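Notes to accompany the following structure.
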Protein chains: 2
Amino acid sequence: MGLGEATLRNHGRPPTVIDVAEACGLSTATVSRVLNGLVASVAPETAQRVIEAARSLGYTPSAIGRSLRQSETRIVVLLVPDLTNDFCADVAMSLEKALQLGGLSMVLCNTAEKPEQQDRLLADAESLRPRGIVLLGAMDTPRLRAMAQTARPFIFINRRPPPPIKAPYVGIDNKAAGRAVAAHLLERGHTGIAIIHGPRKNSASRSRLEGFLGRIAEHGIDPASVIQIESALTTEAGYGHGRELLSRGQPPRAIFCGNDMIAYGIYRAAQERGVSVPGGLAIVGFDDNGINAWLAPWLTTIRVPAVDFGPAVASLLNEKNTARRESEVILPFELTVRSST
Amino acid sequence: MGLGEATLRNHGRPPTVIDVAEACGLSTATVSRVLNGLVASVAPETAQRVIEAARSLGYTPSAIGRSLRQSETRIVVLLVPDLTNDFCADVAMSLEKALQLGGLSMVLCNTAEKPEQQDRLLADAESLRPRGIVLLGAMDTPRLRAMAQTARPFIFINRRPPPPIKAPYVGIDNKAAGRAVAAHLLERGHTGIAIIHGPRKNSASRSRLEGFLGRIAEHGIDPASVIQIESALTTEAGYGHGRELLSRGQPPRAIFCGNDMIAYGIYRAAQERGVSVPGGLAIVGFDDNGINAWLAPWLTTIRVPAVDFGPAVASLLNEKNTARRESEVILPFELTVRSST
DNA sequence: TTGTACGCGTTATCAA
DNA sequence: TTGATAACGCGTACAA
């Protein structure tokens, strides 16, 4: 049991290639070759000796040393706006799974939708020298623009890179989704329409709004007659807006929400006010959170294939010269009609 | 704008201390001192020169170099069993937030409750030489036992370290929680009791079961008369067990679930079968997922303070010699009584 | 107050 | 097939 010795020699620090090399009487170069699977250029019995020594020492290669040598880590940083949002959690899980397959680790950071926090996290991310930086719901900040000129791969999910920046994008056709919701509401004869959309500086929100209003205009309704509210994408915000809207003299009869979280809040507000859904108020969400199938089987919403985002992003990361490429992966969405409309 | 030059010289790689040193005509040592805030031993105007040079080059220190030098990274690895479980997401977010405050990054990995995957991830984690490894819902695996002998801090959340291992633990008093649920059901006069608990090899599940049955026995009921089912902690599993239980000749009239996800599944099964809650069936969950307030306002459950886990873990990580200490942080739980009982 | 030089762990290059 | 060695970026002990 050589573990004790090595541990002692290194003052409790993990064994290194040198320890392994000494233990098996070979050079560090050979040890490295064996452990990196370059079996072609190593004698079988030599390889065996190395492997045994490594195992008896409990040796695990240091990613730090490797990274320094190769000036690249096997880390991907994912920035999300809100991990309590089911949709974000699903995307994070899907990405982590896809990265695991390629031997990459995922550092997860929460921007809480705060621009300064995003910038701080981007700086931290840069210092990690990650293989790539993935932004779910990016905000247009100074540091983002500065770093986007770097060679490091940036990938944008759901919100496109702010104009001057060229970088790969993975998401759905938000404009078409907005149109689909409008078409659905009009088809069902819903009037008194309102939209509670996400932040305007967020391309996804803007596109959905644009598509939604465009389709409504085509139907001969003045878009200016549509109540438009810019909102945070949380249940609390949705609830607040719901209470306010429903207490108006002429409350809306149909609301298109920026995401499902907002829709949950609206629903609660309607319940509290005794407004029936969809009779008194139609509600449409966005994302189709996985939990809907169990806890919100009433919610008509746009299904966004969260689990497909991870593989798409991972494959973009594996492409050569992904960095400044303007590739796009547009995933399909689907209008899921349930009883709230 | 020196950015171009440095970028060119380094073939597109990020600038280093050397680049900064050259740019300001000082030594790398001085640059390093300034950037690490050792202002005491540097002339003010010198510091200024360094800072300007660093900024004009867009220099960000490499965590790789730093880590190698100090043989320690600023990374903490968190292993979770299932990120789609609201509770896990909340804990992850809470930990990430707490770590951010201390300048640490969080690598998040999903074990999917698979022992082999946990072992693979533990190996990957070890190679990262993280500041600590945090396990939410650890499984007793060979590699876990082996690595637990290391100097590296391990922290267990929710499930205790398997017996020979000594390591800090953060969680609630699961036995007491199990007792509390039993007491509540008995007090309300519920009979025909069943428990759908998590994996037996998981200390949290065991303790809850033990406490629950213990309290029931004290009440003069034979614990053997309680239907006990070992289950995965997912909605799907809960739904499946719910269907099975409710189709029995003598279905249970009250079910204590291993977590809220199972409870959601049971609820659905009851609805589909036309069984009223709590009239026909009482349901108790566990965790009190944040989403309950909005989507499951009917669920009686044990509130576990997910957001307090992060700070508790972070402070354990900051303690000296946390590694083999057997410290414990027992957080308070609370029985949240709603309409399902 | 500033500079020189070494070593952290690894792998790629070159030489044997 | 194997070994010696340099280099990756950084922080610090020591020297100036």
Side-chain angles (χ1 to χ4, degrees), chain A residues 6-7 9-51 53-54 57-74 126-130, chain B residues 6-7 9-51 53-54 57-74 126-130:
Chain A
T7 302
R9 181 169 58 259
N10 294 333
H11 302 279
R13 284 208 250 98
T16 74
V17 264
I18 301 182
D19 298 317
V20 178
E22 284 177 3
C24 62
L26 291 161
S27 72
T28 60
T30 304
V31 171
S32 176
R33 277 190 282 257
V34 172
L35 267 34
N36 287 5
L38 304 181
V39 195
S41 49
V42 171
E45 65 268 30
T46 305
Q48 200 53 41
R49 269 165 66 199
V50 171
I51 289 168
L57 288 171
Y59 171 73
T60 309
S62 158
I64 304 174
R66 194 210 313 274
S67 297
L68 185 62
R69 180 62 231 261
Q70 304 182 334
S71 54
E72 167 155 79
T73 62
R74 298 183 67 70
E126 174 60 20
S127 92
L128 286 175
R129 304 290 189 263
Chain B
T7 303
R9 177 168 62 258
N10 293 334
H11 302 282
R13 284 207 252 97
T16 74
V17 265
I18 301 181
D19 298 317
V20 178
E22 286 178 1
C24 61
L26 291 161
S27 73
T28 61
T30 303
V31 171
S32 177
R33 277 190 281 259
V34 172
L35 268 33
N36 286 16
L38 304 182
V39 195
S41 48
V42 171
E45 65 267 29
T46 306
Q48 200 51 43
R49 268 163 68 198
V50 171
I51 289 170
L57 287 170
Y59 172 72
T60 309
S62 159
I64 303 174
R66 193 211 314 274
S67 298
L68 187 60
R69 179 63 230 266
Q70 305 182 335
S71 53
E72 167 155 80
T73 62
R74 300 184 65 72
E126 173 60 20
S127 92
L128 287 175
R129 305 286 190 265

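Keep in mind that what you see is a predicted model, and the values were worked out from it rather than measured. Lettering of chains follows the sequences in order, A, B, ..., and the numbering in each one begins at 1.
- The phosphate of C:dG9 has neither OP1 nor OP2 within less than 4.0 Å of any side-chain N or O from A:Thr16.
- Contact annotation: B:Ser41 does not reach the phosphate of C:dT1 (side-chain N/O to OP1 or OP2, under 4.0 Å).
- Distance, A:Glu72 CD to C:dT10 C1': 15 Å, rounded to whole Å.
- If you take CD of B:Gln48 and C1' of C:dT2, they are 18 Å apart, rounded to a whole angstrom.
- Using a distance-only test at 3.5 Å, with no hydrogens or angles considered, a donor-acceptor pair links the side chain of A:Thr73 to the main chain of A:Arg129.
- Checking each of A:Leu26, A:Val31, A:Val34 against A:Val20 for a side-chain contact (heavy atoms from CB on, under 4.5 Å) leaves exactly one that passes, namely A:Val31.
- Of all the heavy atoms in B:Arg66 and B:Pro61, the pair that sits closest is NH2-CB, 4.0 Å.
- Residue contacts shown for B:Ala63 are absent, as no nucleic acid heavy atom lies under 4.0 Å away.
- Considering only side-chain N and O atoms, B:Thr46 lies under 4.0 angstrom from the phosphate OP1 or OP2 of C:dT2.
- Heavy-atom nearest nucleotides on DNA chain C were determined for A:Tyr59 and for B:Leu26, and the one closer to the 5' end corresponds to B:Leu26.
- Nucleic acid contact class of A:Ser67 (heavy atoms, under 4.0 Å, all strands): none.
- Here the straight-line distance linking atom OG of B:Ser62 with atom CG of A:Leu68 works out to 7.0 Å at 0.5 Å rounding.
- Between the CZ atom of B:Arg49 and the C1' atom of C:dT2 there is a distance of 11 Å, rounded to whole Å.
- Put simply, CZ on B:Arg33 is 11 Å from P on C:dT4, counting in whole angstrom units.
- Atom CD of B:Glu45 is separated from atom C1' of C:dT2 by 12 Å (rounded to the nearest Å).
- Positionally, the nearest nucleotide of DNA chain D for B:Gly65 lies more toward the 5' end than for the other of B:Ala29 and B:Gly65.
- Counting non-hydrogen atoms under 4.0 angstrom, B:Val42 reaches the backbone sugars and phosphates but no base.
- The span of DNA chain D lying next to chain A, judged by atoms under 4.0 Å from heavy atoms, is bounded 5' to 3' by D:dT1 to D:dG9.
- A sub-4.0 Å separation between OP1 or OP2 of C:dC8 and a side-chain N or O of B:Gln70 is absent.
- Nearest heavy atom pair, residue A:Ala21 against residue A:Ser27, reads CB-C, 3.8 Å.
- For the atom pair CD1 of A:Ile51 and CG of A:Leu35, the computed distance is 7.5 Å after rounding to the nearest 0.5 Å.
- For B:Arg69 and C:dT10, the CZ to C1' distance is 17 Å, given to the nearest whole Å.
- Contacts of A:Ser71 with the nucleic acid, taken as non-hydrogen atoms under 4.0 Å apart, are absent.
- One interatomic measurement links the two molecules: CD of B:Glu126 to C1' of C:dG9, which rounds to 14 Å at whole-angstrom precision.
- Here the straight-line distance linking atom OG of B:Ser32 with atom CG of B:Leu38 works out to 7.5 Å at 0.5 Å rounding.
- Distances shorter than 4.0 Å separate none of the side-chain N or O atoms of B:Arg129 from OP1 or OP2 on C:dG9.
- In summary, of the residues considered (B:Val42, B:Thr46, B:Thr28), a side-chain contact (heavy atoms from CB on, under 4.5 Å) with B:Arg33 occurs for B:Val42 alone.
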